[in-house]
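Here's the structure we're looking at; comments come further down.
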Amino acid sequence: MSCKKISLHFLLISYLLSFTLAISNSSDILYDIYPFVRVYKNGTVERFIGTQTLPPSLHPINGVRSKDIYGIAPKLNVSARLYLPKNTVNPRKKLPLLVYFHGGAFFTESAFSPTYYNHMNSLVAKANVVAVSVNYRLAPENPLPIGYEDSWLALKWVFSHSEGGNGTDPWLKSYVDYGRVYLGGDSAGANIAHNMAIRAGLDKTGRVKLLGMFLNCPHFWGKKLIGSEGSSDPQRRAVMESIWIHAYPNSTGFDDPLSNPAKDPNLSKMGGKRVLVYVAEKDILRDRGLYYERTLRRSKWNGIVKAVEVKGEDHVFNLRFPNTTKAIKMLNHLASFLNQD
């Protein structure tokens with residue numbers, strides 16, 4: 001047999017082996033929600049994004065300081081990254097507080113990832129606010145409602161530093177005006193922020209008091225398609241539905257109030273007085289964000305809600321392209337929103 005024939009023979013074998021391996025691997029996949037996560041039948045979880053982290057630091061340009069807190073619920077691995085702006089020389093002038101919940105489809109990202117480290121540094125510097133970026137446990141290892149429970153624990157921990165509480169963190173005790181506490185989040189984190197505001201409104205202790213909230217491209221859904229959802233890319237729609245199905249396998253479905261606020265009988269009791277909702281024109285979640293604004297406005301909730309649609313942009317564009325003109329304009333708007341009297 002000639003060398004050329006041998007080479008072709010081995011190439012054919014290699015191709016068949018790789019093809020067989022690919023089939024074997026694909027049959028071992030339980031579900032695949034690209035670009036977020038792939039879960040295998042043996043329990044292995046493969047995340048495609050949001051696994052990198054950056055340490056806390058003194059930002060070399062804007063002077064924002066950050067530190068990590070691991071004592072919120074150590075046995076549950078609930079933690080947070082705290083941010084303190086440069087402008088804290090006057091201890092008598094307390095600052096607004098932002099409690100932020102990161103996105104990532106409930107499956108990926110963290111409070112320590114480069115995306116959120118950079119975003120929080122920029123927002124804290126621009127708005128001159130103190131911030132707590134919550135690190136909740138992720139699905140599928142920790143399916144919902146665990147992420148909601150973790151976030152509520154973190155929010156209660158924050159308010160343990162208000163007057164009469166037993167919290168001990170010096171930044172939260174010395175620099176925060178607890179009459180000006182805001183929640184914020186993007187995508188799945190915006191979903192969590194909304195549901196924490198619902199809990200705050202129902203909290204019988206009266207300790208968790210919110211002034212407002214901003215939601216960036218919130219991840220809401222429902223059984224009945226609305227707006228352009230029915231004509232959207234079927235693959236993107238399937239991803240949105242698969243996220244909720246696998247992040248919260250024991251939910252009551254897409255009309256679970258945690259997914260569809262319009263089905264929540266407690267919507268009118270939501271905590272806070274101001275809500276700002278950002279949506280992006282090309283985002284499949286655009287219509288849900290606008291529907292949320294309309295639903296909240298029509299409810300008996302005693303507050304002011306405003307929605308802003310950014311033309312020509314897609315999901316959480318400001319996090320992916322933070323230096324663009326539209327992202328900078330949004331940052332300035334958020335900073336202004338957090339500093340209302």
Side-chain angles (χ1 to χ4, degrees), residues 31 33 36-37 39 43 45 47-51 53 68-81 98-113 115-116 119-120 131-159 183-200 202-203 208 210 213-221 239-261 264 266 270-271 285 288 292 315-316 319:
Y31 59 85
I33 311 177
F36 302 106
V37 68
V39 179
V45 177
R47 290 182 168 88
F48 301 107
I49 59 172
T51 59
T53 61
D68 292 341
I69 301 294
Y70 294 98
I72 297 174
K75 293 182 179 180
L76 301 178
N77 196 28
V78 181
S79 54
R81 177 161 291 180
L98 170 64
V99 182
Y100 193 87
F101 304 95
H102 69 81
F106 305 107
F107 289 99
T108 65
E109 292 289 355
S110 74
F112 316 123
S113 76
T115 295
Y116 293 100
H119 179 53
M120 297 308 296
V132 176
S133 184
V134 176
N135 197 58
Y136 53 90
R137 288 174 290 173
L138 301 174
E141 299 94 334
N142 300 282
L144 295 174
I146 289 176
Y148 295 121
E149 299 302 328
D150 288 354
S151 299
W152 182 242
L153 283 174
L155 192 55
K156 290 197 295 182
W157 174 82
V158 167
F159 276 93
L183 302 184
D186 64 280
S187 195
N191 172 297
I192 292 175
H194 159 78
N195 283 295
M196 293 307 100
I198 293 291
R199 285 204 181 192
L202 299 173
D203 181 40
V208 181
L210 307 175
M213 171 174 66
F214 76 83
L215 307 179
N216 178 15
C217 299
H219 186 119
F220 298 132
W221 204 251
V239 167
M240 292 301 105
E241 295 178 349
S242 186
I243 286 171
W244 185 252
I245 289 169
H246 294 295
Y248 197 172
N250 292 325
S251 80
T252 59
F254 298 131
D255 278 345
D256 189 307
L258 294 167
S259 171
N260 186 356
D264 192 343
N266 293 312
M270 188 176 75
L285 295 173
R288 287 289 159 181
Y292 173 83
H315 193 62
V316 294
L319 300 182

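The two residues Leu215 and Ala190 make their nearest non-hydrogen contact at CD2-O, 3.4 Å. Nearest approach of Pro140 to Tyr31, heavy atoms of both residues: CB-OH, 3.3 Å. The shortest heavy-atom contact between Thr115 and Leu319 is CG2-CB, 4.1 Å. Between Ser79 and Ile72 the shortest heavy-atom distance is C-CD1, 3.8 Å. Scanning both residues, Gly103 and Ser187, for their nearest heavy atoms gives CA-CB, 4.5 Å. Listed here is the closest heavy atom pair of Ser151 and Ile192: OG-CG2, 3.4 Å.
With sequence neighbours left out, Glu149 forms a side-chain contact (heavy atoms from CB on, under 4.5 Å) with Arg199. Taking Asn142 as the reference, nothing meets the side chain to side chain donor-acceptor pair (under 3.5 Å) condition, with sequence neighbours excluded. Scanning for salt bridge (Lys or Arg N to Asp or Glu O under 4.0 Å) contacts around Asp186 gives an empty result, with sequence neighbours left out. Looking at residues two or more places apart in sequence or on another chain, you find a ring-ring contact (aromatic ring centres under 6.0 Å, His included) between His119 and Tyr100. Applying the salt bridge (Lys or Arg N to Asp or Glu O under 4.0 Å) criterion to Glu241, with sequence neighbours excluded, gives no partner residue. Under the rule for a ring-ring contact (aromatic ring centres under 6.0 Å, His included), the partners of Tyr136 that lie at least two apart in sequence or sit in another chain are His102. For the ring-ring contact (aromatic ring centres under 6.0 Å, His included) test, residues two or more places apart in sequence or in another chain that qualify with Phe159 are Tyr178. For the side-chain contact (heavy atoms from CB on, under 4.5 Å) test, residues two or more places apart in sequence or in another chain that qualify with Ala139 are Phe107, Ala247. Evaluation of the side-chain contact (heavy atoms from CB on, under 4.5 Å) rule for Thr53 yields Ser110, Phe112 as partners, not counting sequence neighbours. Applying the ring-ring contact (aromatic ring centres under 6.0 Å, His included) test to Trp152 and every residue at least two apart in sequence or in another chain returns nothing. Applying the salt bridge (Lys or Arg N to Asp or Glu O under 4.0 Å) rule to Asp68 yields the partners Arg81; only residues at least two apart in sequence or on another chain are considered.
Looking only at distances, a side-chain donor or acceptor of Arg137 sits under 3.5 Å from a matching main-chain atom of Leu76.
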CA sep, side-chain torsions, deciding dist, call: Leu155, Leu183, side-chain contact (heavy atoms from CB on, under 4.5 Å): CA-CA 9 Å; Leu155 192 55; Leu183 302 184; 3.8 Å; yes
His219 and Arg288: CA distance, side-chain angles, deciding distance, side-chain contact (heavy atoms from CB on, under 4.5 Å) verdict: CA-CA 8 Å; His219 186 119; Arg288 287 289 159 181; over 6 Å; no
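Residue Asp264 holds its CG atom at 11.5 Å from CG of Asp255, rounded to the nearest 0.5 Å. For the atom pair Ser259 OG and Asn195 CG, the distance stands at 9.0 Å (nearest 0.5 Å). Between atom CD1 of residue Ile198 and atom CG of residue Asn266 there is a gap of 6.5 Å, rounded to the nearest 0.5 Å. In this structure, CZ in Phe254 is found 14.0 Å from OH in Tyr248, a value given to the nearest 0.5 Å.
For the pair Val78/Trp157, no side-chain contact is recorded, criterion being any heavy-atom separation below 4.5 Å from C-beta on. Counting heavy atoms from C-beta outward, His194 and Met270 have side chains that approach closer than 4.5 Å. With a 4.5 Å cut-off on side-chain heavy atoms, Trp244 and Asp256 count as touching. Looking only at side-chain heavy atoms (C-beta outward), Asn191 and Tyr148 come within less than 4.5 Å of each other. Side-chain contact between Leu144 and Ser251 is absent, with no heavy-atom pair separated by less than 4.5 Å. Within the 4.5 Å cutoff, side-chain heavy atoms of Val239 are placed close to those of Ile33. Taking the side chain as every heavy atom from C-beta outward, Val39 and His246 never approach each other to under 4.5 Å. The shortest distance between side-chain heavy atoms of Leu285 and Cys217 does not fall below 4.5 Å.
Donor-acceptor pairing under 3.5 Å is lacking for the side chains of Asn135 and Tyr70.
Counting only residues at least two apart or in different chains, salt bridge (Lys or Arg N to Asp or Glu O under 4.0 Å) contacts with residues 98-111 are absent.
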